[in-house]
Amino acid sequence: MRDRLVGRRTLLRAAAASAATATTATTAACGRGGRALEVAVVWSGGELARFREVVRGYPEPVRVISAGDNIDALLRARDRAGARPDVAILPRPGLVAGYARDGWLEPLDAALGERYAPAWTDLITVDGVLYGAWVKAAHKSLFWYLPSVLTEPPGSWPDLLAMVESRAAGGGPAPLAIGAADGWVLTDWLENLLAGFDDEQLYRNLAAGEPLWDAWQVRTALAALARMWSVPGAFPGGGRRALLTQNEESVIQVVASRSACTVFEGDFVAGVARQFQDEAPRTFRFPAFAGRQPLVVGGDAAVVLRDSAGGRDLVRWLAGSDAFRPWIASGGYLSPNRLVPLGLYPAGQPRELAAEIREPVDRLRFDLSDQLPGSFTGFDGQGVWKILQDFFAAVTTPSADLRRAVDDTVEQLNTTAKKATA
């Protein structure tokens, strides 16, 4: 996944694309005709360091370029300059499809697709041709808490709402931490609620950009979020402070400062929590909302840019069974690749989560915002991320009109979907 531990901020814009190469790191002396293979990634911080450790194991030199959230802008700028990287690791299946249809990508051996469940392979197959290989995944249906702070974790959505209301009125730590400055955190909340409905087709249609956001399921989910988020005292410092809080800080509010009881986000939260060893956090699953236990996942897929002499070999190596062993040992890594032995993961939750996401379970839903087309997909201050941040701001305002906030958000979502797919 993108480096959500540091807020997934955009580290590079198109205007600064040429500066990206200045921040790269080469893992060995140049080879292959004097040039290292180049890989563009969205990761930064700890995730970037772990990936650089991974590619040190490749037999040829590899230069890693950190592009930040807007990797599309970097790749387009590099393409115009005639300096495409060999490989890109993309966080959105929509980008894979778009680049493939634009003729940017080299097809991959179809046998690579057999390493993943069909639900994963289908996302990076375009017109019957495989164009990507999944190299990292995230399990995004978890809440994190300290047992000394939250002794009885809620088991249902009504229980979670009751906990928020009682804790908010109790004068202790706020019930919830939320990194609302990162719009993807808010979309992850909505996606888990939508995944709770037994309507896979609606989820697929929304992901394709169809303007169906006035469906009753979406309105019901937004209304549920509005009710919970609008509880006075729900977040440390209130709604305005939450809109300035990035994901990493929200985790710290739970595991270190203890100003909040629980925080929702994916398995990658462990990378932040690991820095604070006073008490190991535990997790409970995102509660079933509409009868189904949600399982929302995200992932990063490696693609080969056209005319790359060595990119195909590198991607094949990254999709092998051992390449990511260093990252697995460091923690904060999951893969849907069924060649990766489950025994490499630490016993307990990491191994269980790795096993869950690689199986073709019916309830698995891929991150919806990462599938949306064009400008509708999320970036800092844009697309669905911005729409959900506006919704959060509206419902956390004192004396907010929650029904109007839902109506306005539905209208904005539908309008943006129509523009993106026109």
Side-chain angles (χ1 to χ4, degrees), residues 1-4 7-10 42 69-70 91-95 123 137-143 176-197 202-213 215 217-226 228-229 235 239 242-243 245-247 250 263-269 286 289 294-300 364-396 405-406 408-410 412-417 420:
M1 293 302 296
R2 283 160 274 196
D3 192 347
R4 300 169 187 256
R8 256 174 76 179
R9 312 312 294 167
T10 301
V42 293
D69 284 330
N70 204 350
R92 301 198 301 274
L95 283 180
L123 288 165
H139 188 300
K140 304 177 68 178
S141 297
L142 301 171
F143 276 83
L176 297 174
I178 191 168
D182 293 318
W184 54 269
V185 171
L186 305 182
T187 63
D188 286 351
W189 275 83
L190 177 60
E191 289 157 6
N192 271 273
L193 292 183
L194 293 177
F197 290 97
L202 174 63
Y203 195 96
R204 288 178 179 271
N205 291 343
L206 292 173
E210 296 187 26
L212 301 174
W213 294 89
Q217 296 94 327
V218 179
R219 287 185 173 274
T220 301
L222 287 171
L225 291 178
M228 183 173 293
W229 289 349
F235 311 105
L243 282 167
T245 301
Q246 292 181 267
N247 183 58
S250 70
V263 61
F264 155 70
E265 254 314 327
D267 64 281
F268 42 82
V269 165
F286 196 103
F289 174 67
L295 174 56
V296 177
V297 299
D300 300 302
L364 185 146
R365 302 286 185 268
F366 194 90
D367 187 300
L368 190 154
S369 65
D370 283 347
Q371 298 183 72
L372 294 174
S375 59
F376 197 7
T377 194
F379 298 110
D380 288 334
Q382 300 179 47
V384 68
W385 294 6
K386 178 62 163 57
I387 295 172
L388 265 292
Q389 286 175 321
D390 290 344
F391 175 68
F392 183 89
V395 301
T396 55
V406 170
D408 290 347
T409 300
V410 166
Q412 192 174 2
L413 288 165
N414 272 335
T415 299
T416 306

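Along the sequence shown, residues are numbered consecutively beginning with 1. Note that the structure is a prediction, hence the values are computed from the model and not measured.
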Please name all residues satisfying side chain to side chain donor-acceptor pair (under 3.5 Å) with [X], sequence neighbours left out, ordered by chain then number.
X: Thr409; answer: none
X: Asn414; answer: none
X: Asp408; answer: none
X: Ser141; answer: Asn192

If you take all heavy atoms of [X] and [Y], which pair is closest and at what distance?
X: Thr245; Y: Ser250; result: CG2-N, 3.8 Å
X: Ser369; Y: Thr377; result: O-OG1, 2.6 Å
X: Ala221; Y: Leu194; result: CB-CD2, 4.1 Å
X: Ala177; Y: Val263; result: O-CG2, 3.5 Å
X: Ala417; Y: Gly209; result: CB-O, 3.4 Å

Compare all side-chain heavy atoms of [X] with those of [Y] and state whether any distance is below 4.5 angstrom.
X: Leu193; Y: Leu225; answer: yes
X: Lys140; Y: Val297; answer: no
X: Phe235; Y: Phe392; answer: yes
X: Asp367; Y: Asp188; answer: yes
X: Phe376; Y: Leu413; answer: yes
X: Phe366; Y: Leu123; answer: yes
X: Leu190; Y: Leu222; answer: yes

Between atom [atom1] of [X] and atom [atom2] of [Y], what is the distance when rounded to the nearest 0.5 Å?
X: Leu186; Y: Ile178; atom1: CG; atom2: CD1; result: 5.0 Å
X: Lys386; Y: Thr187; atom1: NZ; atom2: OG1; result: 14.5 Å
X: Phe143; Y: Phe286; atom1: CZ; atom2: CZ; result: 5.0 Å
X: Thr416; Y: Gln382; atom1: OG1; atom2: CD; result: 11.5 Å
X: Asn205; Y: Leu212; atom1: CG; atom2: CG; result: 5.5 Å
X: Trp213; Y: Ile387; atom1: CH2; atom2: CD1; result: 8.5 Å

Give a yes or no on whether the backbone of Asp182 and the side-chain of Gln246 come within a donor-acceptor separation of less than 3.5 Å.
no
Got a donor-acceptor contact below 3.5 angstrom from the Asn247 side chain to the Gly179 backbone?
no
Sequence-distant partners of Phe197, ring-ring contact (aromatic ring centres under 6.0 Å, His included), two or more places apart
Trp216, Phe289
Check ring-ring contact (aromatic ring centres under 6.0 Å, His included) between Phe391 and all other residues, then give those that pass, not counting sequence neighbours.
none
Is there a side chain to side chain contact (heavy atoms under 4.5 Å, CB included) between Leu142 and Glu265 once you walk through the steps?
CA-CA 6 Å; Leu142 301 171; Glu265 254 314 327; over 6 Å; no
Partner set under side-chain contact (heavy atoms from CB on, under 4.5 Å) for [X], not counting sequence neighbours:
X: Ala195; result: Pro294, Val296, Arg365
X: Ala215; result: Leu202, Gln217, Val218
X: Ser375; result: Ala420
X: Ala207; result: Leu368, Gln371

Audit row: Arg92, Leu372, side chain to side chain contact (heavy atoms under 4.5 Å, CB included) steps and yes/no:
CA-CA 9 Å; Arg92 301 198 301 274; Leu372 294 174; over 6 Å; no
